[in-house]
Number of protein chains: 2
Amino acid sequence: MSNSLVDKSLVHLSEAGLRLTKQRKAMLEVLAKAEKPLSAEEAHAELPSGTCDLVTVYRSLEQFDRVGVVQLGVRENGTKVYCLSHGHDHHHHLTCRICGRTERVDICMAEELEQVGRSYGFTELSHVMELFGTCPKC
Amino acid sequence: MSNSLVDKSLVHLSEAGLRLTKQRKAMLEVLAKAEKPLSAEEAHAELPSGTCDLVTVYRSLEQFDRVGVVQLGVRENGTKVYCLSHGHDHHHHLTCRICGRTERVDICMAEELEQVGRSYGFTELSHVMELFGTCPKC
DNA sequence: ATGAGTGCAAATAGTTTGCAAGCTG
DNA sequence: CAGCTTGCAAACTATTTGCACTCAT
């Protein structure tokens, strides 16, 4: 159970037809212990040195997102960030612009949004929502 | 009336201490007639040729956002987009990943989000929310 | 006239692509 | 052993910065 999140994600990857490599496992471990969404560069920096190339992180995170193993977010400056889907319900974040402190926000209007999307005939709906502010210390 | 949106925005800029230049006026006109949020590059492309440098568009849009004349959004790929605040209530968009078709979405949870932010002691709250999907034609 | 704003060039940050070699199922 | 994956290098896109010059107030 130490790593049930990672295990669940690995199964998910496998079922989605993606291959299980040591690089990907390491990335999932990093994502599992992160308390906030990580960018590709940040995830790479957290990997045991020499685990894999930054490019591989970009490519894998893209695949992870495609099959739903991770949830994609965007920072105020446009940087893409990812966090594991398993073990976390769909959620969003409140991030301090200055220090990066991040808090989890559980409110989400996914259903309402998807309903609007469907009313226009759109499919494969997804959404991005992030809250930014200045935290008490900054 | 032809340009009340632009006029309101110009007044707003002026009151915020920003200067009124022909470049900025041209940008506001482009934003006023756009039916969807524009990136800096797109806004620049819509300007009468030779109006100003792309860099100026970036710098001005940043200022516009800072004083609230425009509303910032982010595309799924991280590109920042802007639309006029005046004349439009705060809102969001539903964008087709394939063709870029964009529909306005009026639902927003700004209040709930800001309340959560304040509960953590955060100030100067802002949020980004965008909905993506594949439209009927694509 | 004074400082905000602009243009041009150059630097960055984040991300993507091409291709040959490696490893998974 | 087929083809998904990776590494390395290089290209790209979006955006930012430095600096001298210009213009709005």
Side-chain angles (χ1 to χ4, degrees), chain A residues 9-28 30 37-67 69-70 72-82 95 97 100 128 130, chain B residues 9-28 30 37-67 69-70 72-82 95 97 100 128 130:
Chain A
S9 300
L10 286 169
V11 170
H12 188 150
L13 284 188
S14 179
E15 288 175 349
L18 296 181
R19 291 186 179 173
L20 308 183
T21 65
K22 64 178 188 305
Q23 292 93 330
R24 288 179 175 178
K25 187 169 181 196
M27 284 179 225
L28 292 173
V30 162
L38 301 177
S39 67
E41 306 233 21
E42 289 161 353
H44 183 245
E46 293 298 322
L47 290 169
S49 100
T51 301
C52 73
D53 195 89
L54 173 58
V55 183
T56 299
V57 177
Y58 276 107
R59 286 195 272 225
S60 294
L61 288 176
E62 186 190 340
Q63 297 285 60
F64 292 179
D65 176 44
R66 187 172 61 73
V67 303
V69 166
V70 296
L72 172 66
V74 186
R75 297 233 174 97
E76 206 171 23
N77 69 355
T79 304
K80 292 179 195 171
V81 294
Y82 304 84
T95 306
R97 288 191 193 82
V128 150
E130 299 295 328
Chain B
S9 301
L10 286 169
V11 170
H12 188 151
L13 285 186
S14 179
E15 287 174 350
L18 296 182
R19 294 187 177 172
L20 308 183
T21 66
K22 64 180 188 306
Q23 293 92 328
R24 287 179 175 179
K25 187 169 180 197
M27 283 178 227
L28 292 173
V30 162
L38 300 177
S39 67
E41 306 233 24
E42 289 162 352
H44 183 245
E46 293 298 320
L47 289 169
S49 99
T51 300
C52 73
D53 195 88
L54 173 58
V55 183
T56 299
V57 176
Y58 275 106
R59 286 194 271 226
S60 294
L61 289 175
E62 186 190 339
Q63 296 286 60
F64 292 179
D65 176 42
R66 186 172 62 72
V67 302
V69 165
V70 296
L72 173 65
V74 186
R75 298 233 173 97
E76 205 171 25
N77 69 355
T79 304
K80 293 179 196 168
V81 294
Y82 305 83
T95 305
R97 287 192 192 83
V128 149
E130 298 295 327

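Order of the sequence lines fixes the chain letters, A, B, ..., with proteins taken first and strands second; residue numbering starts at 1 for each chain. Bear in mind the structure is a predicted one, so any value in this text is a computation, not a measurement.
The interatomic distance linking A/Leu54 (CG) with C/dT16 (P) rounds to 11 Å, in whole Å. In this entry the distance linking CG of A/Leu61 with P of C/dT15 reads 10 Å, nearest Å. Between the NZ atom of B/Lys80 and the C1' atom of D/dA14 there is a distance of 9 Å, rounded to whole Å. Regarding A/Glu76, its CD atom lies at a distance of 16 Å from the C1' atom of D/dA14, rounded to whole Å. Distance CG (B/Leu18) to C1' (D/dA24): 12 Å, rounded to an integer number of Å. Across the protein-nucleic acid pair, B/Arg59 atom CZ and C/dC8 atom P stand 11 Å apart, rounded to whole Å. Spacing between atom CG of B/Asp53 and atom C1' of C/dA10 amounts to 13 Å, rounded to whole angstrom units. B/Glu62 has its CD atom 13 Å from the C1' atom of C/dG5, to the nearest Å.
Here A/Arg24 lies in heavy-atom contact (under 4.0 Å) with sugar-phosphate atoms only. Using a 4.0 Å heavy-atom cutoff across all strands shown, A/Gln63 reaches sugar-phosphate atoms only and no base atom. In this structure, B/Ser14 reaches neither bases nor backbone, as no heavy-atom distance under 4.0 Å exists between it and the strands shown. Contact annotation for A/Gln23: backbone-only contact, meaning every heavy-atom pair under 4.0 Å involves sugar-phosphate atoms and none involves a base.
For the pair B/Lys22 and B/Asn77, nearest-nucleotide mapping onto DNA chain C gives the more 5' position to B/Lys22. The 5' end of DNA chain D is approached more closely, in terms of each residue's nearest nucleotide, by A/Gly17 than by the other of B/Thr79 and A/Gly17.
In this structure, A/Thr21 does not reach the C/dT24 phosphate: none of its side-chain N or O atoms is under 4.0 Å from OP1 or OP2. For the OP1/OP2 pair of C/dT6 and a distance below 4.0 Å, the side-chain nitrogens and oxygens of B/Thr51 include no atom meeting the criterion. An OP1 or OP2 oxygen of D/dT16 is reached within less than 4.0 angstrom by no side-chain nitrogen or oxygen of B/Tyr58. For B/Ser60 and C/dG5, the shortest distance from a side-chain N or O to OP1 or OP2 is not below 4.0 Å.
Only one option out of B/Val74, B/Val81, B/Thr79 pairs with B/Pro37 in a side chain to side chain contact (heavy atoms under 4.5 Å, CB included); it is B/Val81.
Checked by atom type and distance alone, the side chain of B/Arg24 never pairs as donor or acceptor with a backbone atom of B/Ser60 at under 3.5 Å.
Distances were taken from every side-chain heavy atom of B/Ala40 (C-beta onward) to each of D/dT15, C/dC8, D/dA9; the shortest belongs to D/dT15. Picking from D/dT16, C/dG25, C/dT16 the nucleotide with the shortest atom distance to the side chain of A/Val55 gives C/dT16. Listed candidates were C/dG5, D/dT15, C/dT24. Nearest to the side chain of A/Arg19 is C/dT24.
B/Cys52 and B/Met27 get closest at one heavy-atom pair: SG-CE, 3.9 Å. Contact detail for B/Ala40 and B/Leu54: the closest heavy-atom pair is O-CD1, 3.9 Å.
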Does the salt bridge (Lys or Arg N to Asp or Glu O under 4.0 Å) test come out yes or no for B/Glu41 and B/Arg75, once each step is laid out?
CA-CA 13 Å; B/Glu41 306 233 24; B/Arg75 298 233 173 97; over 6 Å; no
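Taken from CG in A/Leu18 to CG in A/Leu10, the straight-line distance is 11.0 Å, to the nearest 0.5 Å.
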